[in-house]
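Step one of this worksheet: look at the structure below.
Naming: A, B, ... by sequence-line order, numbering from 1 per chain.
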Amino acid sequence: MTTIEQLLSDWMRAAFQQTLPEITEGWGAFSVVATTTPEFGDYQCNHSMGFAKQLKKNPRQIADAVVKNAMPLEAVSKLEIAGPGFINITLNKDWLARLVDEVGRDPLCGTPQLGEGKTVILDYSSPNVAKPMHIGHIRSTVIGNALDRLHRFLGYKVISDNHLGDWGTQFGIMIMGYRHFSDPVAIETEPIEELERVYVKSYEQSKLDENWLAQARQELVKLQAGDPENIRLWQQFVALSLKEFGRIYKRLDVTFDLMRGESYYNDRLPGVIQSLLSQGLVRESEGALVAFLEDEKLPPCIVKKTDGGFNYATTDLATIQSRVAEFNPDKIIYVTDERQQNHFRQVFAVARKMGCKTHLEHVWFGLMRLPEGTFSTRQGNVIKLEKYLDEAEARALAVVKESSPEMPEDRQKNIARAAGIGAVKYTDLSQNPQSLVTFTWEKALALDGNSAPYLQYAYARIASVQDKYRDLYPSVDLNTYPILLGEPIERVLAIMILRFPEAVVRAAEVYKPSILADYLYELASAYSTFYQNVPFLKAPEGLRESRVRLCSEVAKLLRQGLNLLGIETPDRI
RNA sequence: GCGCCUGUAGCCUAAUGGACAAGGCAUCUGACUUCGAAUCAGAAGAUUACAGGUUCGACCCCUGUCAGGCGCGCCA
């Protein structure tokens, strides 16, 4: 199926091309967009003015000719010229109704399978081993997961990979700390907290004590050389961390195809250096091996340290190499915070010089701050992810108990979980990831207005309407009744229903789940107006069935859309 | 100092170069004996940081200024 936007664009483009044969290029950018206000119809085309300038002609005359040249189209009931030369398009009501009917029967809700035959690797979340996940990890996890789901829905083959920070210099200090400070009881009861405590203590020790630091380096060298005892410890750290992370991912309903940490690529690092050397892409500088990227206006990229060790640029290059060799992806998408922009530009530039043709994309998001400053471990104001989720559920539970006191407690808790976790996710998904974010509990856990519970509430009300209808008319086949769009709000709702594919496609194309979230909010908003202002169960036969069918379609889209954002849709809330 | 990013009502956020800048929170008015009020209908609130420029048309593009965030050779 094609989207309305696509259909109208193709149609208008043909009329323009016939009218203006002297224009031979630039047709790719030609488009038709939704109008800003209903008085201008449903969609508008604004290209007359642009072409008029180019050809030094009168824009209204061009629009006039285009309208005359346009082939009759069933979908369009009215074509008007307004202002300096806007072409306003009003859609045909019966055609809309038929399309709503058709979309309703499509399991994909009219979404084109743009990703058919294409493979995408999505690299997101990527917490560090032996450290607890904190509030800073949620954006990569939640945004990455939404992009994952969106791409799958568009037909891409997606390989999601959690690129854990499980290798690196911190493990020398970690091992020293574990040997000297760890409490066996605490390791059983709160493993990650204990590992963190031990790490911090050892790190502080290394600042004070040269000897300690030297020993830590020794332990690191032994680990990297494959010393069995240190390997065993390291594996223990990784296992404890994975268990803890797994618990959080389960709460967030996030799964990965692969969990390959940095250590996975260890064996490939010398090979990367070899090919960089043989391709003449690096040279020695101040004792290190460096790729200079002056042409790209980027700082130099170190791939081998003075002490002979490798760093994260090396690992990332090896990771690209490995992923390309194994999966031959069309695209690799990384979701991290803004601080890594330069790093990825460097790595991508070097990878391209090495001959990598795969499209590499860094999707970055702004750091979260507190009103009084940044989160920092030193100030001890970092919010642990589990605490954050607990708080979200607790606040939601208070609301559920208030609004549904008669409900059994385990049910209240289930709803609070869906609403609380949904609210947390929606907060990060509903805004442009690239804006600065100031964290407040009030905003992060909002349960009204533009929030996940608002959408879940709309969904639950529809579910309830459907149940009641089935109770009243158990043997009626709704699909034998046509969709009727008599009321203005029904028309609005129909167009909203048909816009779902555009929202999904754009959200994936520009890596902004917020576009889908915005759309869903508008859809739910239109539905709430509909719900509150026209009767459906009490409407006469025919109208009643049409309206219940519209309800079902909205329900389907809300469920599907929220699922793409990783948000649950309980039948009651 | 250099580079990247951000600046939209009291607060939080929308707006592929198009018509009058769109919502939410908070505030104020109304609507539950009615299909679920975590809702709906309405009011009020804006010199889109500032100054220039390009354009028929600028929150959006260009230049400069101010404010904030982040990054700037061996941490990831």
Side-chain H-bond candidate by donor/acceptor type, A:Y454 with A:S528, under 3.5 Å: yes
Intermediate values then yes/no, ring-ring contact (aromatic ring centres under 6.0 Å, His included), A:F40 and A:F86: CA-CA 9 Å; A:F40 302 135; A:F86 297 107; 7.4 Å; no
Distance between C1' atoms of B:C28 and B:C60 (Å, rounded): 35 Å
Nearest-Å distance once atom P is located in both B:U8 and B:A14: 11 Å
Cation-pi check for [Y] against [X]: NZ or CZ below 6.0 Å from the six-membered ring centre and within 45 degrees of the axis, yes or no?
X: A:K131; Y: A:Y199; result: yes
X: A:R499; Y: A:Y519; result: no
X: A:R139; Y: A:F439; result: no

N-O pairing of A:R395 and A:E391 below 4.0 Å: yes
N-O pairing of A:E568 and A:R417 below 4.0 Å: yes
A:R217 and A:D307: CA distance, side-chain angles, deciding distance, side-chain contact (heavy atoms from CB on, under 4.5 Å) verdict: CA-CA 11 Å; A:R217 288 216 180 97; A:D307 66 6; over 6 Å; no
Select base, sugar-phosphate, or nothing to describe what [X] touches, counting heavy atoms under 4.0 Å on all strands.
X: A:V548; value: nothing
X: A:D166; value: nothing
X: A:T306; value: base
X: A:E286; value: base
X: A:R572; value: base
X: A:V510; value: nothing
X: A:E39; value: base
X: A:D316; value: nothing
X: A:L298; value: nothing

All pairs passing salt bridge (charged side-chain N to carboxylate O under 4.0 Å, His left out) where residues 286-306 of chain A contributes a residue, at least two apart: A:E296-A:K353
Per-nucleotide protein contact string for nucleotides 41-46 of chain B (B base, S sugar-phosphate only, - none; heavy atom under 4.0 Å): S-----
Summary of protein contacts for nucleotides 13-18 of chain B, nucleotide by nucleotide, where a base hit scores B, a sugar-phosphate-only hit scores S (4.0 Å, heavy atoms): SS-B-B
For A:Y124, all residues meeting ring-ring contact (aromatic ring centres under 6.0 Å, His included), sequence neighbours excluded: A:F256
ring-ring contact (aromatic ring centres under 6.0 Å, His included) partners of A:F292, counting only residues at least two apart: none
Toward the 5' end of RNA chain B, by each residue's nearest nucleotide, A:S285 or A:K297: A:K297
Closest-nucleotide 5' rank along RNA chain B - winner of A:T35 and A:A419: A:T35
Contacts under 3.5 angstrom, residues 540-553 of chain A side chains, donor-acceptor by atom type, not counting sequence neighbours:
from: A:E541; atom 1: OE2; to: A:Y481; atom 2: OH; distance (Å): 2.4
from: A:R544; atom 1: NH1; to: A:Y473; atom 2: OH; distance (Å): 2.9
from: A:E545; atom 1: OE1; to: A:G542; atom 2: N; distance (Å): 2.7
from: A:E545; atom 1: OE2; to: A:Y469; atom 2: OH; distance (Å): 2.5
from: A:S546; atom 1: OG; to: A:L484; atom 2: N; distance (Å): 2.8
from: A:S546; atom 1: OG; to: A:L484; atom 2: O; distance (Å): 3.3
from: A:R547; atom 1: NE; to: A:E490; atom 2: OE2; distance (Å): 2.9
from: A:R547; atom 1: NH1; to: A:P535; atom 2: O; distance (Å): 2.9
from: A:R549; atom 1: NH1; to: A:D101; atom 2: OD1; distance (Å): 3.2
from: A:R549; atom 1: NH1; to: A:Y481; atom 2: O; distance (Å): 2.5
from: A:R549; atom 1: NH2; to: A:D101; atom 2: OD1; distance (Å): 2.5
from: A:S552; atom 1: OG; to: A:Q466; atom 2: NE2; distance (Å): 3.0
from: A:S552; atom 1: OG; to: A:V548; atom 2: O; distance (Å): 3.0

Distance below 4.0 Å between A:Y531 side-chain N/O and B:G36 OP1 or OP2: yes
N/O (side chain, A:Y426) to phosphate O (OP1/OP2, B:A38) under 4.0 Å: no
Any residue meeting salt bridge (Lys or Arg N to Asp or Glu O under 4.0 Å) with A:D518, in chain and number order, not counting sequence neighbours: none
A:D467: salt bridge (Lys or Arg N to Asp or Glu O under 4.0 Å) partners, not counting sequence neighbours: A:R470
Set of residues satisfying side-chain contact (heavy atoms from CB on, under 4.5 Å) with respect to A:D161, sequence neighbours excluded: A:L258, A:R260, A:Y265, A:R323
Selection: residues 308-315 of chain A, any non-hydrogen atom under 4.0 Å of RNA chain B: A:N311, A:Y312
Any residue of residues 460-471 of chain A with a heavy atom less than 4.0 Å from an atom of RNA chain B: A:A460, A:R461, A:S464, A:V465, A:K468
Secondary-structure notation, RNA chain B, from Watson-Crick and G-U pairs under 3.5 angstrom (| other strand): (((((((..((((....[...)))).(((((.......))))).....(((((..]....))))))))))))....
pi-stack flag for A:F40 and B:A19, centroid dist under 5.5 Å, interplanar under 30°: yes
